[in-house]
Peer 1: 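The structure that follows is given in the form of structure tokens.
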2 protein chains.
Amino acid sequence: MTDAEYVNIWMRPERPARGPKPTYSRAQITEAAIRIADAEGLEAATMRRIAAEIGAGAMSLYRYVPSRDNLVELMTDRLQGEIDVAGMPSGDWRTDLTRYADGLRAMWLRHPWIATVQRSLPSFGPNQLLLIERLMGVLDAFVSIDENLGLMAMLNGYIEGTVREEISSAKEVRRSGLSESEWMARSYPYVDRLVKSGEYPIFTKIVMEARHPHLSRDDQFRYGLQRVLDCIAAALPSTAESPMSAHREGRKEQDGPGRARS
Amino acid sequence: MTDAEYVNIWMRPERPARGPKPTYSRAQITEAAIRIADAEGLEAATMRRIAAEIGAGAMSLYRYVPSRDNLVELMTDRLQGEIDVAGMPSGDWRTDLTRYADGLRAMWLRHPWIATVQRSLPSFGPNQLLLIERLMGVLDAFVSIDENLGLMAMLNGYIEGTVREEISSAKEVRRSGLSESEWMARSYPYVDRLVKSGEYPIFTKIVMEARHPHLSRDDQFRYGLQRVLDCIAAALPSTAESPMSAHREGRKEQDGPGRARS
DNA sequence: CTCCACTGGGTACGTTGTACGCGGTTGTGG
DNA sequence: CCACAACCGCGTACAACGTACCCAGTGGAG
């Protein structure tokens, strides 16, 4: 089996048996790369830059990592480890999934570049495996694996989609050096032209509403998450009823005070 | 206002008033770039390659497009136009959203590279605007804009998340030149080691189950989508009841025949 | 007719990932 | 104990990238 035939990075041993002791380590390199990516984006984490960060020569990194893509894989798995899923399943699936959702979102917001890595087939690094065990374990007692996978796809889809939006908004703000409201002011001519054209009534409605957001980003996320969890609840057998899920009030019309519909 | 201060690509006029007639056009360049990206991935659509495709010199493209990033924006908006949302809202929101979901998924599968572009703040190209109008119009009569945005975030999150997985799986298959089952055979040593270790019971369950998938990818998608739509239905006032949504049967335990839990 | 804003495109620069090979270091078989 | 092969860090080199700059031609406005 030649070097190129390792199925993934986790199969390739970090350290060979013989030879001089390595000065650095995969973990150290991964850490440095994450530090740079956090501060300046993933594209700033070039091999030369990472090497400089730990005081090594550029090509030295290739003694530890076969390629930059593989390094990104290492970084991604390290991030999965930041999500605290200890003690799951706790018996209260709603609490568990809320904790997971908050943890995943917080992790993405700490490391926004994660949104730009397109996962290849799941590489099943150690942290990802642990996460799978704990997360899928939450509903494992209640539904089949197929159904569990489907529900988690929905949950993850909601979380990632929402956070992607938060991230790209924040990135644009940083990129342009303008605050969010300044950015809106800058793009005013374009938006205004669209609004004034009268061809986009719903877009207009969104723009008008967005200027007076009722909820903070956190609250928006929490609110939508509760909706998703309600949906999951509906898919579970009654035996799974979560101890403290008595927050199902009659919601119906809860519009703001007298906003007319166009 | 200097060139750099255009707020986005849509504000910048394609053609100036005077001078010789351009040989090419933004639309033509965009089309060529999409063709290349479809066949070989977005990273293959380099400026030189696109120029060669239409028979131009590399630098000529910059007469039409300020930068490659802006070109990607043009490509993305063109893709949004492929989703057929004509005639929405039709009055049957469930049918409308199903059609949209199928259309979005099909478009992503036709142009998998879309998953690798990280949107900056929504650029509101013409096709995206139209899509917003039609899609958000579907539920506009039933819920507030805030709620509508939340529900659509959930729907889009589910669709994009699911399709991302399909895409990365397909890409890995193409990259390695192996079929899906060959790929699994190749990675058998790694997976087998994990299974045999006994530390990952749920991962093991997934692997065992995945060898006998009950549903095709299409059916999986459809199934999860129905679940999401059920969730949306729960958030709507009763007046919004969709004509043909009587497919809520009693589902409970539907496990495979007697697989013990570890 | 004259001007000059525009055209297509060639050359060149800085930056990227990484193949290759060097001289030095070290665990191990004889 | 010692020679050797396997490993180390890393300097050099190359191809490909996005794009700044410049130039000679072209055609509508005054």
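Just so we're on the same page: letters track the sequence lines, and every chain starts at 1.
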Peer 1: When you measure from the side chain of B:Y24, which nucleotide among D:dC10, D:dG18, C:dG8 comes out closest?
Peer 2: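 Output: C:dG8.
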Peer 1: With the threshold set at 4.0 Å, does a side-chain nitrogen-carboxylate oxygen contact exist between B:R164 and A:E160?
Peer 2: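 No, this pair does not count.
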Peer 1: Once you apply a heavy-atom cut-off of 4.0 Å, does B:A51 come out as touching a base, just sugar-phosphate, or nothing?
Peer 2: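 Counting heavy atoms under 4.0 Å across all strands, no contact is made by B:A51.
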Peer 1: Send over the distance from B:I50 CD1 to D:dT19 P, rounded to a whole Å.
Peer 2: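 Checked: the CD1 to P distance equals 11 Å.
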Peer 1: Less than 4.5 Å apart, side chain to side chain, heavy atoms only: is that true for A:D77 and A:F124?
Peer 2: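 They are not in side-chain contact.
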Peer 1: Considering only NZ, NE, NH1 and NH2 on the basic side and carboxylate oxygens on the acidic side, decide whether B:D84 and B:R99 come within less than 4.0 Å.
Peer 2: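 A salt bridge is present here (some side-chain N lies under 4.0 Å from a carboxylate O).
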Peer 1: Does the C:dT18 base have a donor-acceptor partner in the side chain of A:R48 within less than 3.5 Å?
Peer 2: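 Looking at the base of C:dT18, it does pair with a donor or acceptor on the side chain of A:R48 (distance under 3.5 Å).
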Peer 1: Find the distance A:L61:CG to C:dT16:P and express it as a whole number of Å.
Peer 2: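 It works out to 13 Å between those atoms.
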Peer 1: Any non-hydrogen side-chain atom of B:M75 less than 4.5 Å from a side-chain atom of B:V117?
Peer 2: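 Side chain of B:M75 against side chain of B:V117, heavy atoms only: no contact under 4.5 Å found.
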Peer 1: Grab the CG-P distance between A:L71 and C:dT18 for me, whole Å please.
Peer 2: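 The distance from CG of A:L71 to P of C:dT18 comes to 10 Å, rounded to the nearest Å.
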Peer 1: Would you check if the side chain of A:Y64 reaches a backbone N or O of A:Y24 as a donor-acceptor pair within less than 3.5 Å?
Peer 2: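 Checking the backbone N and O of A:Y24 against the side chain of A:Y64, a donor-acceptor pair under 3.5 Å is found.
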Peer 1: From C-beta outward on A:M59, which listed nucleotide comes closest to its side chain: D:dG9, C:dG9, C:dT18?
Peer 2: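 It is C:dT18.
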Peer 1: Rounded to the Å, how far apart are A:K21 NZ and C:dG27 P?
Peer 2: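 So the two atoms are 7 Å apart, to the nearest Å.
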Peer 1: Rounding to an integer number of Å, can you tell me how far B:Y64 OH sits from D:dT19 P?
Peer 2: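 Checked: the OH to P distance equals 18 Å.
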Peer 1: Give A:A58 one of three labels, base, sugar-phosphate or nothing, depending on what nucleic acid heavy atoms sit under 4.0 Å from its own.
Peer 2: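 Contact class for A:A58: none.
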Peer 1: Would you kindly give the CZ-to-P distance between A:R49 and C:dT18, to the nearest whole Å?
Peer 2: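 In whole Å, C:dT18 P and A:R49 CZ are 18 Å from each other.
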Peer 1: Of all the nucleotides listed (D:dT19, C:dG8, C:dG17), which has the minimum atom distance to the side chain of B:R68?
Peer 2: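 Of D:dT19, C:dG8, C:dG17, D:dT19 is nearest to the side chain of B:R68.
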Peer 1: For A:T46 and A:R63, find the nucleotide of DNA chain C closest to each by heavy atoms; which residue's nucleotide sits nearer the 5' end?
Peer 2: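 Per heavy-atom nearest nucleotide, the more 5' residue is A:T46.
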Peer 1: Side chain of A:P22 only, heavy atoms from C-beta on: which candidate in D:dG9, C:dG9, C:dT18 is closest?
Peer 2: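 Among the listed nucleotides, the one closest to the side chain of A:P22 is D:dG9.
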Peer 1: Over how many whole Å does the gap from B:I36 atom CD1 to D:dC17 atom P extend?
Peer 2: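 Checked: the CD1 to P distance equals 11 Å.
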Peer 1: Separation of A:Y62 atom OH from C:dG21 atom P, in whole Å?
Peer 2: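 One finds 17 Å between P of C:dG21 and OH of A:Y62, rounded.
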